[in-house]
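Source: prediction; values computed, not measured. Chain identifiers are assigned alphabetically (A, B, ...) following the order of the sequence lines, protein sequences preceding nucleic acid strands; residue numbering begins at 1 within each chain.
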2 protein chains.
Amino acid sequence: MFSKACKYAIKALIYIASRSGDGSNISLRDIAAQIDSPEHFTAKIMQILSKQGIVSSIKGPNGGFYIERNAPAIPLFEVVRAIDGVHHLTGCGLGLKNCSEDQPCPIHREFSEVRNRLLQMLHQSTIQQLAGELTSGQTVLKQMAL
Amino acid sequence: MFSKACKYAIKALIYIASRSGDGSNISLRDIAAQIDSPEHFTAKIMQILSKQGIVSSIKGPNGGFYIERNAPAIPLFEVVRAIDGVHHLTGCGLGLKNCSEDQPCPIHREFSEVRNRLLQMLHQSTIQQLAGELTSGQTVLKQMAL
DNA sequence: GGAATAAAGGATATATTTATCTTTAATTAA
DNA sequence: TTAATTAAAGATAAATATATCCTTTATTCC
């Protein structure tokens with residue numbers, strides 16, 4: 001559904017949000033350790049998120065990434081859009097160039113319904129809300145390896 | 001959502017089903033032309049579908065692929081399973097190894113709901129039903145290029 | 001100013017997916 | 001039996017996604 005890069009991005013942002021607000025910055029190393037991701041690859045993803053203004057960063061000692069406490073909530077949709085783009089969220093399920101009500105692909109109707117659900121979910125769920133559930137221990141970002 | 005290979009598979013099967021039943025076999029070249037796919041890549045996909053018993057084939061002149069007219073309906077789920085596997089339909093949305101109600105990832109609940117919808121859709125929609133809609137002109141398998 | 005820290009950026013490597021090319025095997029028809 | 005046709009199979013290439021490594025830039029602390 002989401003690329004690995006996008007999964008890392010979502011997890012990283014939730015972790016940062018769960019630790020941000022007290023003025024401390026979260027280092028890449030910390031992020032990668034907490035979400036169980038390859039550090040350098042995660043760095044690339046953070047750079048994209050940073051350029052897009054989804055996350056802020058500071059260089060140097062005690063530097064790292066952060067999200068302003070009173071920043072507007074970030075819908076998951078924004079993250080997916082930044083990393084995976086919107087095509088797979090809006091394009092034809094079977095890859096037709098101009099699939100529409102007018103000239104629908106064989107799964108147009110059925111697929112639209114499912115994907116509208118997904119879009120609705122991505123717009124409703126925010127990083128901050130999910131970070132809250134992480135902080136309260138209702139959810140986890142990684143698990144023991146087998 | 002689906003890999004390119006899977007999209008080709010779905011389109012190919014719908015086309016074959018829409019033309020099968022009168023005893024004629026559909027050649028690879030015909031399929032690739034009708035669904036606008038790379039012929040040799042499509043061949044690989046058809047080989048997988050053939051090995052899995054989802055489609056039948058005959059070599060030689062007048063040979064090709066076919067689906068028995070009175071064969072049991074093929075749910076889309078079977079096709080996706082054969083080509084993309086089930087992991088992305090059942091695994092954790094964020095890639096956790098043992099995501100569950102017990103130890104849920106941050107998007108577990110929201111994602112499960114969406115994906116159950118998708119699974120429901122994949123189980124309900126069948127190649128034969130979609131082929132019928134193609135035959136009756138309600139849907140199309142390809143469109144003019146830009 | 002110099003050393004240490006941490007993100008940014010660039011270059012490269014690996015893995016996977018997608019695509020193409022060539023050969024082989026099976027079948028048909030003449 | 002030979003030639004033609006078509007799927008199957010194997011090998012290779014190209015494109016993309018994932019991952020790693022090295023250098024540069026900004027900042028902090030001493």
Side-chain angles (χ1 to χ4, degrees), chain A residues 1-13 16 19-20 23-67 80 82-85 87-88 94-95, chain B residues 1-13 15-16 19-20 23-33 35-67 80 82-85 87-88 94-95:
Chain A
M1 201 77 88
F2 309 125
S3 69
K4 277 193 172 190
C6 193
K7 292 174 187 172
Y8 295 149
I10 293 172
K11 287 189 277 191
L13 288 171
I16 295 168
R19 296 264 329 265
S20 268
S24 71
N25 305 312
I26 322 296
S27 76
L28 184 60
R29 189 182 315 160
D30 187 14
I31 294 169
Q34 293 296 325
I35 73 175
D36 198 22
S37 69
E39 188 169 327
H40 295 282
F41 186 50
T42 308
K44 299 300 182 192
I45 297 162
M46 295 311 298
Q47 283 170 29
I48 295 172
L49 296 175
S50 181
K51 275 188 205 159
Q52 304 245 350
I54 293 174
V55 76
S56 307
S57 68
I58 296 181
K59 287 183 181 177
N62 303 317
F65 298 90
Y66 67 97
I67 296 173
V80 176
I83 305 296
D84 285 344
H87 184 259
H88 74 119
L94 291 182
Chain B
M1 202 76 87
F2 308 125
S3 68
K4 277 194 172 190
C6 193
K7 292 174 186 172
Y8 294 150
I10 293 171
K11 287 189 276 192
L13 288 171
Y15 176 61
I16 294 168
R19 296 264 329 265
S20 269
S24 70
N25 304 312
I26 321 298
S27 76
L28 184 60
R29 190 182 314 159
D30 187 13
I31 294 169
I35 73 175
D36 199 23
S37 69
E39 187 170 327
H40 295 282
F41 187 50
T42 309
K44 300 299 182 190
I45 296 161
M46 295 311 298
Q47 285 170 29
I48 295 172
L49 296 175
S50 180
K51 278 189 203 159
Q52 304 244 348
I54 293 174
V55 75
S56 306
S57 69
I58 296 180
K59 287 183 181 177
N62 304 317
F65 298 89
Y66 67 97
I67 296 173
V80 177
I83 304 298
D84 285 344
H87 184 259
H88 74 119
L94 291 182

State whether [X] places a side-chain N or O below 4.0 Å from either non-bridging phosphate oxygen (OP1 or OP2) of [N].
{"X": "A/K4", "N": "C/dA15", "result": "no"}
{"X": "A/Y8", "N": "D/dT18", "result": "no"}
{"X": "B/S27", "N": "D/dT5", "result": "no"}

Tell me the interatomic distance from [X], atom [atom1], to [N], atom [atom2], rounded to whole angstroms.
{"X": "A/D84", "N": "D/dA17", "atom1": "CG", "atom2": "P", "answer": "9 Å"}
{"X": "B/L28", "N": "D/dA8", "atom1": "CG", "atom2": "P", "answer": "9 Å"}
{"X": "A/K7", "N": "D/dA19", "atom1": "NZ", "atom2": "P", "answer": "11 Å"}
{"X": "A/I83", "N": "D/dT16", "atom1": "CD1", "atom2": "C1'", "answer": "16 Å"}
{"X": "B/Y66", "N": "D/dA7", "atom1": "OH", "atom2": "C1'", "answer": "13 Å"}
{"X": "A/N25", "N": "C/dA6", "atom1": "CG", "atom2": "P", "answer": "11 Å"}
{"X": "A/I26", "N": "C/dT5", "atom1": "CD1", "atom2": "P", "answer": "18 Å"}

Which nucleotide wins on minimum distance to the side chain of A/A5, given the candidates C/dT18, C/dA8, D/dT18? D/dT18
Going by the rule side chain to side chain donor-acceptor pair (under 3.5 Å), which residues pair with [X] if we only count those two or more places apart in sequence or in a different chain?
{"X": "B/D30", "result": "B/Y15, B/R19"}
{"X": "B/S24", "result": "B/D22"}
{"X": "B/S3", "result": "B/D84"}
{"X": "A/S37", "result": "A/T42"}

Contact list for residues 36-58 of chain A, test ring pair (Phe, Tyr, Trp, His ring centres under 6.0 Å), sequence neighbours left out: A/Y8-A/F41
Results of side-chain contact (heavy atoms from CB on, under 4.5 Å) for A/A12 - residues two or more places apart only: A/I31, A/I35, A/M46
Give the C-alpha distance, both sets of side-chain angles, the deciding distance and a yes or no for side-chain contact (heavy atoms from CB on, under 4.5 Å) between A/I48 and A/I54. CA-CA 9 Å; A/I48 295 172; A/I54 293 174; over 6 Å; no
Hey, what are the protein-to-nucleotides 24-29 of chain D N/O distances that come in under 3.5 Å?
from: D/dT25; atom 1: O2; to: A/K59; atom 2: NZ; distance (Å): 3.4

What closest approach, in Å, do B/Y66 and B/V55 show between heavy atoms, and which atom pair accounts for it? O-CG2, 3.5 Å
Would you jot down, in residue-number order, the residues of residues 35-53 of chain A having a non-hydrogen atom under 4.0 Å from DNA chain D? A/P38, A/H40, A/F41, A/K44
Does any pair with a residue in residues 49-60 of chain A pass side chain to side chain donor-acceptor pair (under 3.5 Å), and if so which ones, sequence neighbours excluded? none
